Amino acid sequence: MPIKTDPCSVGRGWITPDTPVVAGAWGTWTFTYEVGVYGYDERARLKIASRFASDWGRPQFTDPRAPNYTTVRLESRCPTAVASLAFEPRGQVRPWFKCLVASVADGSLYPGDRIHITLGDTSGGSPGSRAQTFREKGCEWRFFVDPFGTELYEVLDASPVMDVVGGGLHRLVAVAPTTVRAGESFDALVKAEDVWGNPCERFDGEIVLTAGGGPLHGLPPAVRFKSGDVAVARLAGLRLSGESRIAAAHGEHRVESNLVRALAAGEAKTWWGDLHGQTRATVGTGTIEEYFAFGRDVALLDMMCHQANDFQVTEAEWQRLRTEIDRFHADGRCVIFVGYEWSGMTPGGGDRNVMFRGDVASLHRSSHAEVDDMTDAATDCFPVTELFAQFRGRDDVMLIPHIGGRYADIVGFHDPALEPLVEIYSDWGRFEWLLEDALRGGYRVGVVANSDGHKGRPGASHPGASQFGAYGGLTCVLADALTRDAVFAALKARRCYGVTAAQRIHVELAVNGLPMGAEGRAHGLVRITGRVAGTGPVERVDVFRGLELLRTVSPYTPGSFEGSRRYRIAWAGSRVRGRDRLTTWDGSLEISDGRLETAEPFAMENPEKGITARTERRLEWVSNTTGDDDGVDITVSAPDSAVLRFRTPVIALDVPLAELADGATRTFPAGGVDLRAFMRRLPARDLTRELALDVTDATPPRGACAAYWIRVTQEDGAQAWTSPVYLDVE
């Protein structure tokens, strides 16, 4: 028989202070639990849980001088009772995994007794506890109480909540469409972000705007933000006839937007979206309403899809999603697709995003693992072959294999009619190997990148300080109109490409005149043409035929490296394909002769990672990768005979500077899933943002299907991958 769960019986809890906290700030908070009339039995435990996606500093209990030191104190009528603390990373049912656990011993607690847990106790010199790094209205700490010591926990009706808000200015961001129709009005966006990628709420100042290129009609001279407001401004009613960028400046902070270009007659329009993310409806944070509002108004997305884990989606949440989609979807402004994540275990197929063209959308779960209502259990589909059978013959639904906690096995499970795309990049990392699996299997798939964000920030999904290793990506779709039908048809036709870090790199590709994603026939020579307009200097464009690298096109000549003393020392990859892919690269670099003049982190999105110590000859860092790149950029004053001594838990190397003199990248494989270190000399200047491509394949394999695609890499590490063009070579 269930126990009484009213506050009088099981007790109550609160947090002090409960005022808004700036994301990522250091502070001290005290949780208090007051025992109810049941009392609290000896050996009983109290759990205070945060959501899986929360990245509040991990509590520790042994070093009072170190960050996140946490203590417990009893206020009790029992003189012998004592309490102890532990942290359980998977201490309750998903999504309430992360649990502070207070255990009572040597006595029982009486009604009215209190347990006080101080998170970030500074009395011994600790700087406090580091708050969650992302904005959230109503961030909840859920109290699970077990007064009888049975390990059966009840949730307090009024668990404490607080608001987490954006901080001060760290960087400016300007975002615009990559293509517009000449003379037609369009919107752009400028915002101020804090160090964790949140729109600022503690910034007071003016941002000056100018056109960085051709004239941009309707651009205001400045926008002003006031502390307490969300620092995002929509720039409406802009017009352009050529091409331009939006430049934004505030003091020493300066940024340029992506290139905006007016289309020529007959060119397809580019639209940007994030088709994969979650909210507190399942394992993420924030509401569905906040999710769609952020993507539309803070990230300037043209299209979105909400992908909640199927085994956690109740019928009520499914209907709530449908209602919110109806509210936010508007052809011509922001297209919202109905969808969910089929979250079957990898041995049964692995993660697939299910996306519907219209409103005829049915929920077929992989299981009812966290759904108590079993009335529709007969509609479940597992393994994924049952889902294939359920949707077979429908042209209004597609499945997109991806890599999340579970990874999609497309070698063992693939339906070419339903799976036209693969997602190879997200907050979880970079997974180019999924595309390689498809090409190796002879599949004809396109490429997308999304966030798979759990923090309610579609289109601007900073990884924060949790197990997510990368800044989420975007999908660019080439379609004539911003409607569900047009965008869905373009995705089915593979007229799309993916980018990392939400950078709107513009990419064009044609193979023998055929557009991205197309199929055709070839007789003899194959010509691959294209154009890249980066959001930063372009390092290279790699041209592939299937798994074979045909050519690397770079803006640099041997003269680009003359006199340069800049070098990149970097590493990448993951341990395994599955959930435990995160790889630790904490290490050091030492130069045998000369000195290190400057050192900066490369592609390390987590502010808590990076360079931790530096002398004239040695660097130390904290880093991990989940398929993505990390590294350091250094400037040296040293002879060519000097040796770079690279030491990490993954690989140790001694590389003479002379081996890097020509600017070519030296790669050192380290096992795992594309684990590797790589080093190169950087050019003296890196200002080339646009690059044209014209490559001929003189020997395409006859009697085979050749898949031609390109990968763009910028100097800042951002990348783009096109969907291939598939040619049957005769």
Side-chain angles (χ1 to χ4, degrees), residues 171-176 178 210-214 243-249 252-261 425 430 449 470-471 473-474 476 497-509 530-543 551-570 572 598-605 628-636 660-666 678-695 710-722:
R171 69 166 187 165
L172 300 177
V173 177
V175 180
T178 45
T210 55
E243 59 182 45
S244 189
R245 298 176 189 264
I246 298 171
E252 63 181 14
H253 297 276
R254 296 176 181 276
V255 72
E256 276 194 340
S257 74
N258 54 275
L259 183 70
V260 191
R261 183 175 63 85
Y425 178 88
R430 180 181 58 208
Y471 195 115
L474 295 177
C476 183
Y497 64 91
V499 302
T500 68
Q503 298 209 32
R504 300 190 180 200
I505 303 169
H506 180 74
V507 185
E508 299 171 15
L509 173 67
R531 175 176 179 256
V532 174
T535 56
V538 176
E539 173 190 316
R540 69 184 192 274
V541 177
D542 297 316
V543 182
R551 182 86 54 85
T552 293
V553 179
S554 172
Y556 307 123
T557 67
S560 302
F561 302 94
E562 291 180 2
S564 174
R565 295 180 290 119
R566 302 169 59 228
Y567 295 85
R568 173 162 296 160
I569 316 300
T598 66
E600 298 291 339
F602 160 69
M604 294 189 190
E605 288 94 353
D628 56 312
D629 298 345
D630 274 4
V632 291
D633 287 348
I634 59 174
T635 303
V636 304
L660 306 177
D662 61 1
T665 299
R666 302 296 191 267
F678 57 99
M679 302 182 186
R680 61 182 288 252
R681 192 180 188 184
L682 296 171
R685 300 181 73 225
D686 52 1
L687 302 178
T688 304
R689 289 194 174 205
E690 298 186 38
L691 195 62
L693 181 73
D694 194 339
V695 173
I710 63 176
R711 177 182 63 207
V712 179
T713 302
Q714 296 188 163
E715 282 290 352
D716 60 7
Q719 293 187 296
W721 298 265
T722 68

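These numbers come from a predicted model, not from an experiment.
- In this structure, Arg565 CZ and Thr635 OG1 are separated by 6.5 Å, a value rounded to the nearest 0.5 Å.
- Ion pairing between a basic and an acidic side chain is recognised when a charged N comes within 4.0 Å of a carboxylate O; Arg531 and Glu243 show such pairing.
- Between Gln719 atom CD and Gln503 atom CD the span is 11.0 Å, to the nearest 0.5 Å.
- Electrostatic pairing of Glu715 and Arg689 does not count as a salt bridge here, judged by no charged N lying under 4.0 Å from a carboxylate O.
- Across all non-hydrogen atoms, the minimal contact from Ile505 to Ala718 is CD1-CB, 4.2 Å.
- Scanning both residues, Ile246 and Ala174, for their nearest heavy atoms gives O-CB, 4.0 Å.
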For side chain to side chain contact (heavy atoms under 4.5 Å, CB included), just list the numbers for Thr722 and Glu508, CA-CA rounded to whole Å, side-chain angles, deciding distance to a tenth of an Å, and then say yes or no. CA-CA 9 Å; Thr722 68; Glu508 299 171 15; over 6 Å; no
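- Shortest non-hydrogen contact noted between Phe678 and Thr665 is CB-CG2, 3.9 Å.
- Rounding to the nearest 0.5 Å places CG of Leu682 at 8.0 Å from CZ of Phe561.
- At distances below 3.5 Å, at least one donor-acceptor pair connects side-chain atoms of Arg681 with backbone N or O atoms of Ser564.
- Residues that satisfy the ring pair (Phe, Tyr, Trp, His ring centres under 6.0 Å) test with Tyr471, not counting sequence neighbours, are His462.
- Taken to the nearest 0.5 Å, the CD1 atom of Ile710 stands 9.5 Å off from the OH atom of Tyr497.
- Residues satisfying the side chain to side chain donor-acceptor pair (under 3.5 Å) test with Asp628, not counting sequence neighbours, are Thr626.
- With a 4.5 Å cut-off on side-chain heavy atoms, Thr552 and Val541 do not count as touching.
- The pair Arg680-Glu539 counts as a salt bridge, with a side-chain nitrogen and a carboxylate oxygen less than 4.0 angstrom apart.
- The heavy-atom pair separating Ala176 from Val260 by the smallest distance is CB-CG2, 3.4 Å.
- Taking CD1 of Ile569 as the start and CE of Met679 as the end, the distance is 4.5 Å to the nearest 0.5 Å.
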In sequence, state the C-alpha distance, the side-chain angles, and the governing distance for Tyr556 and Arg685, and then conclude on side chain to side chain contact (heavy atoms under 4.5 Å, CB included). CA-CA 10 Å; Tyr556 307 123; Arg685 300 181 73 225; over 6 Å; no
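- Under the salt bridge (Lys or Arg N to Asp or Glu O under 4.0 Å) criterion, Arg245 pairs with no residue at all, not counting sequence neighbours.
- When the salt bridge (Lys or Arg N to Asp or Glu O under 4.0 Å) test is applied to Glu600, no partner is found at least two apart in sequence or on another chain.
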Under the criterion salt bridge (Lys or Arg N to Asp or Glu O under 4.0 Å), I'd like the reasoning laid out for Arg261 against Glu690: C-alpha separation, chi angles, the key distance, then a yes or no. CA-CA 13 Å; Arg261 183 175 63 85; Glu690 298 186 38; over 6 Å; no
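- The pair Arg551-Asp542 does not count as a salt bridge, with every side-chain nitrogen at least 4.0 angstrom from each carboxylate oxygen.
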Working for side chain to side chain contact (heavy atoms under 4.5 Å, CB included), residues Tyr567 and Leu660: CA-CA 8 Å; Tyr567 295 85; Leu660 306 177; 3.9 Å; yes
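- Here Glu605 pairs with nothing under the salt bridge (Lys or Arg N to Asp or Glu O under 4.0 Å) rule; sequence neighbours left out.
- Enclosure of atom CZ in Arg666 by more than 12 non-hydrogen atoms of other residues, nucleotides or ligands within 6.0 angstrom is indicated.
- What you find for Ala533 and Leu259 is that their closest heavy atoms are CB-CD2, 3.7 Å.
- Applying the ring pair (Phe, Tyr, Trp, His ring centres under 6.0 Å) test to Tyr425 and every residue at least two apart in sequence or in another chain returns nothing.
- Taking all atoms of both residues into account, the shortest heavy-atom contact from Ala599 to Ile634 is CB-CG2, 4.2 Å.
- Rounding to the nearest 0.5 angstrom, the gap separating the NE2 atom in His506 from the CZ atom in Arg504 is 13.5 Å.
- Taking the ring axis of Phe602 as reference, the NZ or CZ atom of Arg568 stays within 45° of it and closer than 6.0 Å to the ring centre.
- Side-chain atoms of Gln714 come within 3.5 Å of backbone atoms of Thr535 as a donor-acceptor pair (strictly under, hydrogens ignored).
- Without hydrogens or angle criteria, Arg566 side chain to Pro683 main chain gives a donor-acceptor distance under 3.5 Å.
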